[in-house]
Amino acid sequence: MPMLMQVSFSVDPDHRVARVNRRTFGSFVEHMGRCVYTGLYEPDHPTADEDGFRRDVLELTRELGVTVVRYPGGNFVSNYRWEDGVGARELRPRRLDLAWGSIETNQFGLDQFMRWTAKAGVEPMIAINLGTRGVQEAVDLLEYANVPRGTKLSDWRVANGAEQPYGIRMWCLGNELDGPWQVGHKTAHEYGRLAIQTARAMRQVTPDLVLVACGSSSSNMPTFGSWENQVLELTYEEVDCISCHAYYDPGDGDLASFLASAADMDHFVSTVVEIADEVAENRRTSKRINLSFDEWNVWSIGRHQALGRLQGWPVAPRIIEDEYTVADAVVVGNLLISLLRHSDRVSAACLAQLVNVIAPIRTEPGGASWRQTIFHPFALTSRYAAGNVLRIEPAAPSYETAKYGDVPVIDAVATHDPDSGQTVLFIVNRSIDTAVELNADVRGVQARSLAEALTLSDPDQKATNTEGQPNRVIPRALDGVTLTDGTLHAALPPVSWSMVRLS
Ligand code: AHR
């Protein structure tokens, strides 16, 4: 590869995909490791508020720009009894969490989570247990959460301190039930039947719910494709979305493929959309099923699997507290570019998870909290992506990857807000060693001045943020950017995620 590559593209309002969907900037809180306990909930912490919530984590959550938070799992939910987590704390049982080999103390449950979402200013997305439980327990939970009062379970909520119904709209019908690791793992047929019965009963309590059926837990599953097809054939009339989950492992030393992870996400999304639309066509319906990409991130999953199962049933153990690098942040920024590019069909997405467990926010018990590298591209994209998403097709050289074949060196998306006149470009240079000289034609969006240009990159692509050096990796000004006669000129460092704002 040459030491400087030329890339060009144009930002064209005719390439509109859809409006920016705020639910794209979701996250995920699972009862797993230290996500809840000593993550967002730690009554003895110096910053704890009257509910025992860490104020430092609440502040970072707001700064991250999270809009929706999925809860309480994940694998955890498939053997969870929601009623263990409500009512008087001293009466709440300690239970075995089979998913993570831990003890669940139930000191935090639905009512705390709902109070936390109100303080964080986020929408809840609740997953129900369709592993060990079924229709009745799902309806009970909905009655507890959404019925105003006058029934056994709604009155119990009121007695527990929540006068007003929660009005929770987004519900996941189970979690990853295609995976043999899941407690209550099912075939597509078994799951599809249970999901449709549950969905029907839930809609009798509250008709206008947004219901998400489980899709594949990864596009590498042997049942990927046939699972989506069979589940949608069985549930089409009653569900709104099908879920996708994807984790990208930086661990095997193939940086070139890792940096191209978004190419895999693009393929995953378009394959599921195709399957869903085929089912619609067979049924001669105009209804379209959208995607809830409700678990995605970078995760050293191979390293985690090598450690094996936890022994001794600990409480809130340190598990998968991955420390994220510069390269990981570039990939996370790129995955968000992919999600935005599919805003016409991805109606929600959740960065998994929020605190400590493969998370943008890290905490120490009784101590500090800090932003991991991946915090930054997420926070900036959530803050500035606005208006219409515009597809970008760069004229860029490709590079070869072992996993995904030839992949363009540059990936980008833009948003344009006709009301404010603001245009924002999100661009990734995936090259390991070569800077890119970019010329972008921005006449179509009538960009007149440069508001800000930031980049996240570092000569040390393995640099991380730690408790001792929490700001080792932060976005910095991208020098040398110019806007002349409708052409934006920028030099993008290798392995970089950049954001350019024009007004
Ligand atoms: O986010 C960690 C785990 O990954 C979740 O519990 C599960 O749904 C997925 O396999």
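Start at 1 and go down the list; that is how both ligands and their atoms are numbered. These numbers were taken from a predicted model, which means no experiment stands behind them.
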> By number and element, which atoms of ligand 1 are closer than 4.0 Å to a non-hydrogen atom of Phe28?
Replying inline: 1 (O)
> Is there a nitrogen or oxygen of His245 sitting under 3.5 Å from a nitrogen or oxygen of ligand 1?
Replying inline: no
> How far is atom 4 (O) of ligand 1 from its nearest protein heavy atom, and which residue and atom name does that atom have?
Replying inline: Glu295 OE1, 3.2 Å
>> Parallel, tilted or perpendicular, judged at 30° and 60°: which one describes the rings of Tyr71 and Phe113?
In response: parallel
> At a 4.0 Å threshold, what atoms of ligand 1 neighbour a non-hydrogen atom of Glu176?
Replying inline: 7 (C), 8 (O), 9 (C), 10 (O)
>> Taking side chain to side chain donor-acceptor pair (under 3.5 Å) as the definition, give me every residue that meets it alongside Lys403, ordered by chain and number, with sequence neighbours left out.
In response: Asp252
>> I need the contact type for Asn175 against ligand 1. Using non-hydrogen atoms and a strict under-4.0 Å cut-off, is it side chain, backbone, both or neither?
In response: side chain
> Using a distance-only test with no angle check, is there a side-chain donor-acceptor pair under 3.5 angstrom linking Asn129 and Thr132?
Replying inline: yes
>> Pairing donors with acceptors under 3.5 angstrom, does anything connect the side chains of Asn75 and Tyr80?
In response: no
>> Does either side chain, that of Thr325 or that of Asp328, offer a donor lying less than 3.5 Å from an acceptor on the other one?
In response: yes
> Just checking, any donor-acceptor pair under 3.5 angstrom between side chains of Arg362 and Thr466?
Replying inline: no
>> Does either side chain, that of Glu143 or that of Ser154, offer a donor lying less than 3.5 Å from an acceptor on the other one?
In response: no
> Do any N/O atoms on Glu30 end up under 3.5 angstrom from N/O atoms on ligand 1?
Replying inline: yes
>> As an exercise, identify every atom of ligand 1 less than 4.0 angstrom from a heavy atom of Trp100.
In response: 3 (C), 6 (O)
> Considering only protein heavy atoms, which is closest to atom 2 (C) of ligand 1, and at what distance to one decimal place?
Replying inline: Gln353 NE2, 3.5 Å
> With only distance considered, is Trp299 within less than 3.5 Å of ligand 1 through an N or O on each side?
Replying inline: no
>> Could you identify the single nearest non-hydrogen protein atom to atom 1 (O) of ligand 1 and state the distance to 0.1 Å?
In response: Tyr247 OH, 2.8 Å
